[in-house]
Structure formats: structure tokens, C-alpha cells
Amino acid sequence: MIDYLKTLRQEVINRIPAFGEITFSFEYPPNPAFGDLSIAACFDMAKRQKRKPREVALEMAALLQGLPMVRKVDIAGGGYINFHLDRPAFLRYLLTHEKSIARQADEKIIVEHTNINPNKAAHVGHLRNAVLGDTLVRLLRHQGYEVEAQNYIDDTGVQVADVVCAFQQIRKMTIEEVKAIPDPFDYYCWDLYADFSGRLAADSALQALREQTLQLIEHGGNPTSELAHLIATRIVTAHLATMRRLGVRYNLLAWEGDILHRRFWTTLFSLLKEKNAIQLATEGKNAGCWIMELPDLPEAEKVIVRSSGVVTYVGKDIAYQMWKFGLLGLDFHYAPWGHDDEGRIIWTTAREPHDDHPPFGRASRVYNVIDVRQSYLQKVVSKGLLALGFTSACENSIHFSYEMVALTQQCARELGYDLSHEDEGRPFVEVSGRKGLGVKADDLLNALERQAHSEVAGRNPQFDESVLRDIARSVAGGALRYFMLKFGRSKVLAFDFREALNFDGETGPYLQYSAVRARNIFSKLREREGVDASVISEIIQDAGSYEYLNEATDIWELILTAAKVDEIAALSIVSLELSLFAKHSYTLAQKFNAFYHKHAILHETDQSKKRLRLLAAHYLSSTMQTALNLMGIELPTRM
RNA sequence: GCGCCCGUAGCUCAAUUGGAUAGAGCGACAGACUUCGAAUCUGUAGGCUGGGAGUUCGAGCCUCUCCGGGCGCACCA
């Protein structure tokens with residue numbers, strides 16, 4: 001439909017050149033009886049000409065007769081122009097038109113997401129990030145862009161140092177002993193990290209040891225950094241296994257240690273000094289540090305290099321961001337890490353060169369999926385690019401920000417956390433790895449799978465255990481992914497088990513169920529009547545199949561809803577509001593269910609009705625499958 | 001203190017970015033399986049869109065102001 005609207009828009013401007021100056025777009029009338037499309041441009045035009053909107057609309061509507069696939073143009077309300085489409089012609093167009101989503105020329109996009117510190121298990125907050133990021137990747141690819149999904153791994157930061165220090169100082173364990181800890185290793189570290197963080201605040205000797213640990217890790221080539229590497233690798237393996245359960249895919253794991261090792265930072269440091277983008281502070285609280293001045297941000301200066309000479313995270317991140325745009329003149333080494341759920345290689349940055357790898361980086365646009373609390377730092381990164389004169393890279397660095405995930409009071413109580421007096425007075429409780437406070441991603445997925453398993457088994461006692469498990473996995477994933485997508489990104493997600501484990505109403509399983517039913521119509525058709533795909537394509541080609549659509553207004557509305565899917569996908573990307581896409585997919589499923597309930601298809605005896613309903617079901621089924629796929633929600637074999 | 005975000009039905013959220021009668025789900029109540037699958041469908045109840053002022057053909061959305069809440073403003077990331 002998005003292609004058709006482009007053509008129609010151009011045709012309208014050809015007829016009425018004045019509309020070219022007004023930024024008008026097609027809207028959808030609230031009441032379908034008004035028409036299928038509408039434009040409100042006459043209100044603007046009337047204002048310019050100091051006339052009545054309705055008068056202008058009447059005049060303009062007269063110029064818009066005989067547009068392609070438009071049956072009638074009329075006016076309504078204060079000055080809307082409404083378009084009524086030629087239903088049979090339009091549905092035929094939808095079913096026969098080649099998807100013309102062309103590859104966007106030379107534009108490569110990088111989406112960085114997940115980015116979990118490799119020192120503990122993933123929790124619900126990380127799931128929101130990964131699902132948003134992975135869905136954005138899928139939507140962009142659907143639009144024809146070349147997209148590289150990257151997962152940044154901060155293996156040399158304080159958080160890993162905490163766990164390393166905890167193993168060495170608290171647990172007194174050797175690297176061999178750590179290696180021997182059984183899975184789930186990420187769960188083990190979750191508790192250890194919380195334990196260590198609790199002790200750290202009150203123990204200055206421990207703080208000093210942790211500082212030493214950090215320096216050893218950054219320096220590399222010693223037993224401590226080896227232990228850090230072991231821990232980070234085991235944790236990343238666990239994170240990727242968790243994400244794989246949800247169909248989240250990556251092309252590249254970018255390790256911070258490699259940014260240091262490949263001298264990205266030292267190169268950037270010289271460049272920053274050369275361009276006077278940073279200054280050595282000689283007085284004040286930041287004396288001895290290299291700082292970046294940020295006159296229009298709340299904190300007027302940001303430390304890039306500490307007085308100890310150690311670079312901060314922001315410094316490394318500016319280097320990484322520059323590399324993404326191909327502006328650093330340096331590259332990583334790469335090696336294969338593993339495979340995603342579709343069997344494609346996941347690459348990792350590496351210490352040693354590897355013979356044959358695809359090109360990475362050199363994007364023209366970059367999305368960083370990071371929660372809203374890091375807005376300030378993301379601004380510093382893009383200001384850094386600007387200070388170096390990379391205007392275009394700065395403009396094309398997009399912070400995809402979203403609000404944090406918290407726990408409802410009730411959820412925190414169910415998990416048995418002792419809340420501080422302060423926390424008890426709040427509307428929700430912030431998830432904190434440091435405090436060990438949160439719902440672990442795998443625990444949540446396990447709970448969803450258990451629930452889905454019992455629902456499926458209850459309905460289908462004849463299924464084998466292996467089938468049950470596969471369906472349960474797929475339903476659990478669908479429930480979780482939809483749950484993470486349905487909320488607007490600027491809304492704090494207060495997590496609650498009752499809501500997340502619900503499979504009725506506006507949920508992933510509802511969408512899956514609808515799509516499964518739609519598909520089953522065609523398998524039943526094959527079984528009972530021997531009708532296969534070739535018969536469907538005959539019906540599509542036959543103009544007579546569409547005639548009944550003029551009377552079937554409810555089916556027509558259903559088809560229009562489906563036709564909007566690609567346009568909503570584009571809108572979701574522009575606004576970064578992926579909930580738009582989720583909601584629209586839900587509306588589609590809802591309308592399909594109503595249609596399914598109201599009209600018989602296989603049992604319909606009137607052939608013209610039956611043919612049209614088959615066409616509608618066919619179009620709906622394929623559109624719902626596309627929509628699910630874009631959200632990373634699997635279509636279960638049965639439910 | 002400065003900056004950003006949120007406030008819509010009992011609860012959780014929408015509202016085509018300034019458009020036509022503010023919509024969904026959950027929960028509640030009343031119905032529908034001998035049928036292409038009831039994880040479904042149909043109906044009922046539920047609203048001064050936090051308060052006030054302004055902008056205009058038109059405001060849940062924009063401006064100002066007040067109220068309530070959240071998050072930032074490290075030589076952590």
C-alpha cells in the first residue's frame with residue numbers, strides 16, 4: 001500500500017500543484033463510511049487564501065476525479081476530502097503486485113543493542129533492550145536496508161573487575177576453580193556480584209584492591225586479566241544462549257578490550273588533542289584530567305581521561321562510534337564466535353587476524369539502543385564527533401532511548417526482596433544488578449514456558465512431549481517479545497508477573513493463535529477438498545473472484561487494515577515507536593478473529609462469497625505471518 | 001538548583017504526531033462450543049484526558065502556570 005500511496009500522492013499534486021507546497025499526507029477517516037483515505041490539506045489552503053475550508057475542499061474535489069483505483073472522491077466535515085477506493089481493483093493489486101521494496105542504495109545501518117555488562121545474568125531490563133533492538137533490525141531490513149547488529153561487550157570495565165575481585169578476594173578461587181563452576185555460571189555471578197557490591201561500600205581496603213584489579217585488567221597479559229577474560233566469555237556465552245531463546249540475532253560482538261588492544265583510543269586521543277577538542281584542566285575539581293567542554297549541556301565539562309591517565313568509558317565510546325562510521329582509519333581483527341538460530345555466523349572482534357571475514361563498520365547511520373538514563377552520555381559522544389568536525393556522523397548518530405524496566409511493589413515482594421523504607425514509598429522498585437534486585441531473563445522465560453506448556457498440553461493431550469516443548473518455547477517467546485513491544489518507549493515498564501504471564505487479550509499468544517488459525521484454513525482446505533496453492537493463484541487471477549467485495553464492507557475494512565502494515569512499519573522506524581507496529585498487528589489479529597467467527601469459509605455454499613473469503617484469508621494469513629516475523633515472534637506449528 | 005520524561009476508565013496502556021464520536025486489554029457482570037480450533041467471539045458497566053489560563057476553524061497532543069510522580073546532572077558504565 002505504501003507504494004500506491006506514493007503514486008497517488010504524486011497524482012494529486014499533478015492535479016493540484018498548490019498541494020505540493022503544503023505538506024499533506026493521507027489519513028484514515030475515523031468512520032470507514034466516510035471513505036478509505038482522506039486529506040486535510042484544504043484547512044491549510046483555506047487559511048492561506050482566507051477562505052472557508054469547505055468551499056476550498058469542494059473546488060479541489062472536483063479536480064480529483066478519475067484517479068487510479070479511486071471510485072469516488074467527496075468532501076465531508078469542515079473540509080476533508082475523502083477518497084473511496086475501487087475495492088475489487090485494489091485487492092487484486094495487493095495480491096498481484098510484486099513487493100517492490102528495493103535495496104536502498106549504498107546505505108548501511110548499524111544497530112547496537114543488548115550491551116549487557118558481562119558479569120552477571122541478564123534480567124528483564126536487558127530483555128527490553130534486546131527485543132527493541134532486534135525488532136528495529138528486522139524492520140529496517142524489511143525496508144531494504146543493509147543492517148549490521150552489534151552487541152558491545154564492556155569486558156574491561158568496573159563491573160567485571162568487581163566480580164574478578166570477588167572471586168580472588170572473597171571466594172579465594174583460582175582460575176581453574178572458576179572454570180570448574182557448573183552452569184548456570186551467570187546465576188552464580190549474579191549472587192556473587194550482589195554480595196561483593198554490598199561489602200564494597202563499607203570496605204576501603206577492598207575498594208583499593210578492586211582499583212588494582214581494574215588496572216590489571218586494562219593493562220592485560222597477567223593472570224587477573226586472564227580470569228577476567230574467562231569470566232566475560234562464559235557470561236557472554238550465557239547471555240547469547242538466553243537471547244537465542246528469543247530469536248535475537250547479532251552479526252558482531254564488539255569487545256571493549258579489543259578497542260584498547262587495537263589502539264583505537266590512543267589514535268583518537270592524539271586526534272582530540274590535535275583538534276583542540278579536549279583540554280588538560282589545570283585547576284578546579286577536574287585538575288589533572290583531560291576534559292571536553294560542553295557549553296550547552298547541564299554539566300559544562302566531561303572528564304575524558306582521568307588524572308591517573310586512564311580513559312573513561314566515554315572516550316572509548318567515541319572511538320567505537322567513529323569506527324562504526326569508518327572514520328577512525330583503523331579496524332578490528334575478527335573471528336567466528338558461533339551461529340544464530342538461522343545458522344548464520346556470529347562474528348566477534350579478536351586479538352589475532354582471521355583470514356576471511358565479511359567487512360564490518362563503515363555505516364552511514366547508527367542506532368544505539370540504550371535506556372534513557374544514558375541520554376547525557378550519548379549526547380557527549382555525539383558532541384565529541386562534532387568537535388572533531390564529523391558533522392554528518394554526529395547527525396546520523398541516533399540514540400534510540402527507552403525508559404527503564406522496574407518491578408511493581410507486589411512483584412518485588414513476591415520475589416522476597418527486603419525493600420528499604422525508601423523503596424516502599426515508591427510507585428515501583430528499580431531493577432539493580434548491583435543489589436541483586438531483579439527478575440532474571442531465564443527465570444522469566446522458564447516461567448513462561450511452564451505456563452505455555454500446561455496450556456498447550458491441556459488443550460492437546462495427544463501431542464508428544466517434544467512437540468509440546470517446542471510449541472511452549474515458541475509461545476513463551478511470543479508472549480515475551482510482544483510484551484516488550486506493546487508499551488511506548490517513554491513509559492516506565494513496571495514489571496508484574498500476572499501481566500507478563502497472561503496469554504489472553506492483547507498478548508503475543510493471541511497474535512500467534514490468530515495466525516495459526518488463518519493458516520489452518522488452508523491446510524483443512526487441502527485435506528478436505530484437495531485445494532492447493534495453484535487453485536488459490538487461479539482464484540487470484542480471476543477478476544470474478546473480487547465482485548462480492550463491493551457488498552462485503554467488513555471484509556474490505558479487514559483488508560485495508562492489513563494493507564497498512566508496511567506503512568506502519570515505516571512509521572515505527574521514523575518515530576522509533578515500535579509499539580505502533582505491535583498495536584497495529586494486534587488490531588489486525590483482532591479483526592481477523594472477528595471475521596473468522598462471523599463468516600464460514602469452507603462451509604460457505606455461495607461460490608462468489610467463498611472465493612472472496614478465501615482471498616481475504618489468504619492475504620490476511622500472509623500479512624500476519626510477515627508482521628509476526630518482523631517482531632521476531634514465531635508462528636507455532638499448532639497451539 | 002538545572003535538564004529530560006510521565007500523569008487518560010478500578011488496573012495496565014492506545015489515540016494515525018494539531019483532525020471528525022477519546023479507544024483496547026485485564027478485572028467485573030451477562031451471554032455464545034454437535035460447526036474452518038472458545039488462547040476465541042458478542043454485549044453491559046466504567047472518562048471534567050491531574051488543576052487553571054492561553055494559542056485557532058479545531059487541543060488528550062502546542063504555549064504558560066501550578067500540583068503529583070520518575071530519571072539524569074561521577075576521575076562508574
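As the structure is a prediction and not an experimental result, all values here were calculated from the model. Chain identifiers are assigned alphabetically (A, B, ...) following the order of the sequence lines, protein sequences preceding nucleic acid strands; residue numbering begins at 1 within each chain. When reading the values below, keep in mind they use all heavy atoms of this one structure, side chains included, and skip hydrogens, waters and symmetry mates.
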Pairwise C1' distance for B/G31 and B/G47, with rounding to whole Å: 26 Å
P atoms of B/G54 and B/C13, separation to the nearest Å: 32 Å
RNA chain B contacts made by residues 500-511 of chain A, counting heavy atoms under 4.0 Å: A/N502, A/F503, A/D504, A/G505, A/E506, A/P509, A/Y510
Base-pairing string, 5' to 3', of RNA chain B - Watson-Crick or wobble, under 3.5 Å, | interstrand: (((((((..((((.....[...)))).(((((.......))))).....(((((..]....))))))))))))....
Toward the 5' end of RNA chain B, by each residue's nearest nucleotide, A/Y152 or A/M404: A/M404
Distance in angstrom units between A/Y80 OH and B/C57 P, rounded: 14 Å
Salt bridge (charged side-chain N to carboxylate O under 4.0 Å, His left out) contacts touching residues 24-43 of chain A (sequence neighbours left out): none
Atom CD of A/E422 with >12 non-hydrogen neighbours under 6.0 angstrom: no
Most 5' of A/I521 and A/V310 on RNA chain B, judged by nearest nucleotide: A/I521
Distance, C1' atom - from B/C61 to B/U16, rounded to whole angstrom: 13 Å
Validation row: A/F581, A/L571 side chains within 4.5 angstrom (heavy atoms): no
Parallel, tilted or perpendicular, as decided by the 30° and 60° cut-offs, for the rings of A/Y596 and A/F592: tilted
Crowding at CD, A/E527 (>12 non-hydrogen neighbours, <6.0 Å): yes
N or O in side chain of A/R517 less than 4.0 angstrom from B/A38 OP1/OP2: yes
B/A32 to B/A38 separation - P atoms, rounded to the nearest Å: 15 Å
Presence of donor-acceptor pair under 3.5 Å, side chain of A/S307 and base of B/C75: yes
Rounded interatomic separation in angstrom, taking NZ from A/K524 and C1' from B/G37: 7 Å
Side-chain N or O of A/K491 closer than 4.0 Å to phosphate OP1/OP2 of B/A14: yes
Counterpart residues, side chain to side chain donor-acceptor pair (under 3.5 Å), relative to A/E424 (two or more places apart): none
Counting only pairs under 3.5 Å, give me each side-chain donor-acceptor contact of residues 500-508 of chain A, with atom names and distances, residues two or more places apart or in other chains.
residue	atom	partner	partner atom	Å
A/N502	OD1	A/D504	N	3.0
A/N502	ND2	A/D504	O	3.1
A/E506	OE1	A/K583	NZ	3.4
A/E506	OE2	A/Y482	OH	2.8
A/E506	OE2	A/K583	NZ	3.3
A/T507	OG1	A/F503	O	3.2
A/T507	OG1	A/Y510	N	3.3

Glycosidic conformation of B/U17, taking syn as within 90° of 0 and anti otherwise: syn
A/Y513-B/G37 aromatic stacking (under 5.5 Å, under 30°): no
Spacing between A/E301 atom CD and B/C73 atom C1', to the nearest angstrom: 13 Å
RNA chain B contacts among residues 577-590 of chain A, heavy-atom distance under 4.0 Å: A/L580, A/K583, A/Y586, A/Q590
is_close_aromatic(A/Y152, A/Y320), centroid dist under 6.0 Å: yes
Geometric class of the A/H126/A/H239 ring pair [parallel <30°, tilted 30-60°, perpendicular >60°]: tilted
Side-chain N or O of A/K302 closer than 4.0 Å to phosphate OP1/OP2 of B/C73: no
